[in-house]
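Before any comments, here is the structure.
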Amino acid sequence: MSMVALEGLRPWILQRLTAVYLLLYVFYALAYWLFFDTLTYVHWLAWLADDVNQILLSLFYLSMLIHAWVGIRDVLLDYIKPFLIKLLLLFGVALFLIGSGFWLLKILMMVQV
Amino acid sequence: MMQYDSRPKYLNLFKIKLPVTGVISIFHRLTGILLFAFIPVSLYFLQLSVKDAASFQQLSVLMLSPLSRFFILLMLWSLVHHLITGLRFLLIDMEFFLSRQSSRASAWGVVIVEALVMVTVIAGLFL
């Protein structure tokens, strides 16, 4: 198998693995949300302060950022022809996603019970 | 000389009649772009919900305004459509729904499940 054939395989697999995690996490979060009639600040903060929930939420955002990168990359590669514009847009999307990741870390560090 | 006159000069999107499988697929792409745009919105909401009790209260008030309800509904619909069609694509990777008949049937299945979920979501949020 040539390297060219492998090039599309990695994003393809990443897209599906992250999709499965995102799907499972949505059901996990839904099970929590549906448990409460009205969610109070105290309950919400306690849930976010839980180590397992923090790790699972971080993995959720990490999966989402990877999934969004592959997806938006595919969209840009499909529709944007001029090379320089395509490159700039891809660069902008990458910065946007990395920035979002750091923002999540900052928010998680704010969680104190 | 070859004659190209009968060929269309431009692509008219409104002349294309997509089958249901194509419609849910293009909306998977569209909702994916919307969800991408909603990433910072979700982080902003998360930040408000975490900061302190006052900002948590501020967020729950903010969510009641008609404009934010419209965007929350748009976000939820995007999520629901993207997840259900995505699940169908994963099943197609596992070699389900490969015949034209089962492909069409599963696409209509997606539409029906999506409609039921959205009715439940709207009932749960707004009634």
Side-chain angles (χ1 to χ4, degrees), chain A residues 12-13 15-27 29-30 33-34 37-49 54 57 60-61 64-65 67-76 78-79 92-93 96-113, chain B residues 11 13 25-61 63-64 72 75-95 113 117 120-121 123-125:
Chain A
W12 189 88
I13 287 173
Q15 196 69 338
R16 274 135 191 91
L17 285 178
T18 51
V20 170
Y21 183 78
L22 291 169
L23 199 60
L24 291 175
Y25 187 88
V26 165
F27 282 108
L30 214 56
W33 280 93
L34 294 180
D37 199 27
T38 42
L39 187 63
T40 64
Y41 179 63
V42 179
H43 278 124
W44 174 235
L45 215 61
W47 189 81
L48 276 176
Q54 285 218 350
L57 182 67
F60 172 75
Y61 267 93
M64 186 156 68
L65 297 178
H67 193 87
W69 168 248
V70 177
I72 297 296
R73 191 200 67 136
D74 283 350
V75 170
L76 291 177
D78 278 352
Y79 301 133
V93 168
F96 175 87
L97 292 174
I98 293 167
S100 299
F102 280 116
W103 190 3
L104 176 77
L105 288 181
K106 191 193 155 227
I107 293 169
L108 285 180
M109 284 191 282
M110 286 164 67
V111 178
Q112 274 161 348
V113 182
Chain B
L11 186 65
L13 292 176
S25 175
I26 197 68
F27 273 101
H28 181 80
R29 183 161 269 209
L30 183 76
T31 52
I33 296 168
L34 283 175
L35 289 170
F36 167 74
F38 277 130
I39 290 175
V41 181
S42 79
L43 286 166
Y44 177 65
F45 283 177
L46 187 63
Q47 179 166 286
L48 275 183
S49 78
V50 164
K51 208 174 149 207
D52 49 48
S55 64
F56 183 89
Q57 194 56 39
Q58 191 193 332
L59 178 65
S60 34
V61 173
M63 282 186 166
L64 292 178
I72 288 166
M75 180 148 97
L76 285 174
W77 169 71
S78 300
L79 191 66
V80 167
H81 181 83
H82 202 77
L83 283 186
I84 300 175
T85 49
L87 186 62
R88 178 174 169 274
F89 292 141
L90 286 175
L91 289 170
I92 288 174
D93 288 338
M94 291 154 73
E95 304 192 340
V113 172
V117 172
T120 314
V121 166
L125 281 183

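We use all heavy atoms of the structure for the numbers below, so side chains are in, but hydrogens, waters and symmetry mates are not. Throughout, protein chains are lettered first and strands after them, A, B, ... in sequence-line order, and every chain is numbered starting at 1.
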With chain A, which of Leu83(B), Leu59(B), Leu90(B), Asp52(B) has the greatest number of heavy-atom pairs at distances under 4.5 Å?
-> Asp52(B)

Compare every heavy atom of Ser49(B) with every heavy atom of Tyr41(A), then report the nearest pair and how far apart it is.
-> CE1-O, 3.2 Å

So which of Leu48(A), Thr40(A), Val75(A) has the largest heavy-atom pair count under 4.5 angstrom toward chain B?
-> Val75(A)

Part of Trp12(A) lying under 4.5 Å from any heavy atom of chain B = side chain

Straight-line distance of Leu22(A) CG to Leu35(B) CG, nearest 0.5 Å = 10.0 Å

Taking all non-hydrogen atoms of both residues into account, name the closest pair between Ile26(B) and Tyr79(A) and its distance.
-> CD1-OH, 4.3 Å

Please flag which part of Leu46(B) lies under 4.5 Å from any non-hydrogen atom of chain A: side chain, backbone, both or neither.
-> both

Where does Val26(A) contact chain B at under 4.5 Å (heavy atoms): side chain, backbone, both or neither?
-> side chain

Which atoms of Ser42(B) come close to chain A, meaning under 4.5 Å heavy atom to heavy atom: side chain ones, backbone ones, both, or neither?
-> both

Minimal non-hydrogen separation, Leu87(B) against Leu23(A), with atom names = CD1-CD2, 3.4 Å

Per-pair distances, 0.1 Å, donor-acceptor, side chain in residues 96-106 of chain A, under 3.5 Å, sequence neighbours excluded:
residue, atom, partner, partner atom, Å
Ser100(A), OG, Phe96(A), O, 2.8
Trp103(A), NE1, Gln47(B), OE1, 2.8

Could you tell me whether the side chain of Phe36(B) reaches within less than 4.5 Å of the side chain of Val93(A), counting heavy atoms only?
-> yes

